[in-house]
Amino acid sequence: MLNVYDLEKKYRLYKLKIFMPYIVAFVSLCVILIVILFVKSSDMFKSNKAQHNQKTIQTQIEQAKTTPKEEVIKKENVEKNETLILTPSLNFMSNIKDSPSEVRFQRVINKEQRKKSTEQEEIEQEEAKQELEPVIIEEIELDKSHPLKIQRQNTQDDLSLVLERFSKNNNPALSLFIAKKYYEMQNYHQSYNYALITNRINDNIEASWIVFAKSLVKLGRRDEAIKTLKSYFEYSKSTQAKTLLEEIERGKFR
Amino acid sequence: MKIILFVFLALTLHAGIKQDMLNLYQDKKYKEACIMGFANFKYKEQDEDFVSLYAFSCLHSDYIDRLALPIAMLKLSSEARANSAYLSTILMQKKLLYHALIDNKDLSLLRFPTTDYVLSKVFDFYVELGIHEQKKVYWFADKEDEKLKYKLYIRNDKELKKMVIEEFYDTLLLKTHTYW
């Protein structure tokens, strides 16, 4: 005897299995459609909001048009008195510094540095071993017929190099050096200028004030030099400034 | 495989360009950085960090006209938009001042935002003069430091007139900017 009930059950399951992919596809399509509709409706809502904002702006403009002229004039005056100052934003530089290529580059450098340091350590260890061995010092007679000559570079060349360096890093020590050099070369106008720049960068350098005052005297601006030295002495109580001031006042320094 | 290698090489080279430009910028070699940026602009025009760096390099080397493209390109981030506004102000001020000096155009009615750049300072001084008789040379003293002075004049070169701004500290010439 056939069990019809079981057979029918099996048949239903078989049919369900056949239709399952279609059902899944249908359900997923429905979900996708719902999502799309939801996204579109939110966009619509946003655009509606924008339209609403536009409308409010328009109404505000209309209101502004209808307000008395006096108020508008007052607002314009306030706007005219204030100037907008724009400033650049240089954060992008830190972004470039933190970029992956830079990190990779740094890693390579670190590896190379590690290699170098290990090599250096090995060399140092070998040198230390060698140092332990007794060293015999041989006496060498100096060749007196060819004495060692140290040639000094031209001052102008020195100066141009220092000037170049100063233009790059604005170091007050360099500008003071330039001022002193110009003073030595009796170019008092330039020594005055560079002493002035040094004082502008750092107003606590005594030597710079001294060169500045001396240059002023040499340029025939004695009174200005005295005034400058007096104010500097009051501020710093510098003995060097005081002695120079006395020398200028007595006429010892011309 | 060859294509992948080529793409990889190209990518690493372009990553290096930005870093090289930054190094040049930090060494105050603005002109070199600007030229390098100009040569590689078409490959990197979507990279706002690169475009900003290129723009500021050109600004500091007085290649103001090269700012036009970065001004148009900088728009995606807030920082980029701020820089774009800053640079466009300078570019417009340069064009207006050049026009005013050569063609005697009155700028007294203009109200512009200002910047910390030397051209903006000189532009503000010039606008403050109002309607005036044209001079050959203008001298302006800085409001914060009286010893800091700006000399503005037009230099007649062979083919075109150039606007020159000289920065002085007391009697010492600090920097010369030439625009055209």
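Below, chains carry the letters A, B, ... as their sequence lines are ordered, and counting in each starts from 1. Everything numeric here is computed off the predicted structure, so don't read it as measured data.
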> So which part of B/Leu174 gets closer than 4.5 Å to some heavy atom of chain A, the side chain, the backbone, both or neither?
Replying inline: side chain
>> With rounding to the nearest 0.5 angstrom, report the CG to OG distance, A/Leu86 to B/Ser88.
In response: 7.5 Å
> So which part of B/Leu53 gets closer than 4.5 Å to some heavy atom of chain A, the side chain, the backbone, both or neither?
Replying inline: both
>> Minimum heavy-atom separation for B/Tyr86 and A/Thr87, please, with both atom names.
In response: CD1-C, 3.8 Å
> Does a side-chain heavy-atom distance below 4.5 Å link A/Met93 with B/Phe56?
Replying inline: no
> Can you find a heavy atom in the side chain of B/Asp116 that is under 4.5 Å from one in the side chain of A/Pro88?
Replying inline: yes
>> Could you check whether any side-chain heavy atom of B/Glu79 comes within less than 4.5 Å of a side-chain heavy atom of A/Leu90, counting everything from C-beta outward?
In response: no
> Does a side chain donor of either A/Asn193 or B/Thr171 reach within less than 3.5 Å of an acceptor in the other side chain?
Replying inline: yes
>> Which atoms of B/Asp47 are under 4.5 Å from chain A, going by heavy atoms: the side chain, the backbone, both sets, or neither?
In response: neither
>> Tell me whether the count of non-hydrogen atoms from other residues, nucleotides or ligands lying under 6.0 Å of NZ in B/Lys31 goes above 12.
In response: no
> Near B/Arg81 CZ, under 6.0 Å, is it more than 12 heavy atoms from other residues, nucleotides or ligands?
Replying inline: yes
>> Please classify the contact between B/Glu48 and chain A as side chain, backbone, both or neither, with a heavy-atom cut-off of under 4.5 Å.
In response: neither
>> Which atoms of B/Leu148 are under 4.5 Å from chain A, going by heavy atoms: the side chain, the backbone, both sets, or neither?
In response: side chain
> How about B/Leu172 and A/Leu196: do any of their side-chain heavy atoms sit closer than 4.5 Å?
Replying inline: no
> Can you name the nearest heavy-atom pair linking A/Ser89 to B/Asn83, along with the distance?
Replying inline: N-OD1, 2.7 Å
> Under a 4.5 Å heavy-atom cut-off, does chain A meet the side chain of B/Tyr25, its backbone, both or neither?
Replying inline: side chain
> Does atom OH of B/Tyr179 have more than 12 heavy-atom neighbours from other groups under 6.0 Å away?
Replying inline: yes
> Is the number of heavy atoms from other residues, nucleotides or ligands within 6.0 Å of CD (B/Glu128) greater than 12?
Replying inline: yes
> With a 4.5 angstrom heavy-atom cut-off, which part of B/Lys147 approaches chain A: side chain, backbone, both or neither?
Replying inline: side chain
> What part of B/Thr89 gets closer than 4.5 Å to chain A, counting heavy atoms only: side chain, backbone, both or neither?
Replying inline: side chain
> Is atom CG of A/Leu33 surrounded by more than 12 heavy atoms (other residues, nucleotides or ligands) closer than 6.0 Å?
Replying inline: yes
>> So for atom CG, which belongs to B/Leu129, do other residues, nucleotides or ligands contribute more than 12 heavy atoms lying within a distance under 6.0 Å?
In response: yes
> Does B/Lys151 NZ have over 12 foreign heavy atoms under 6.0 Å away?
Replying inline: yes
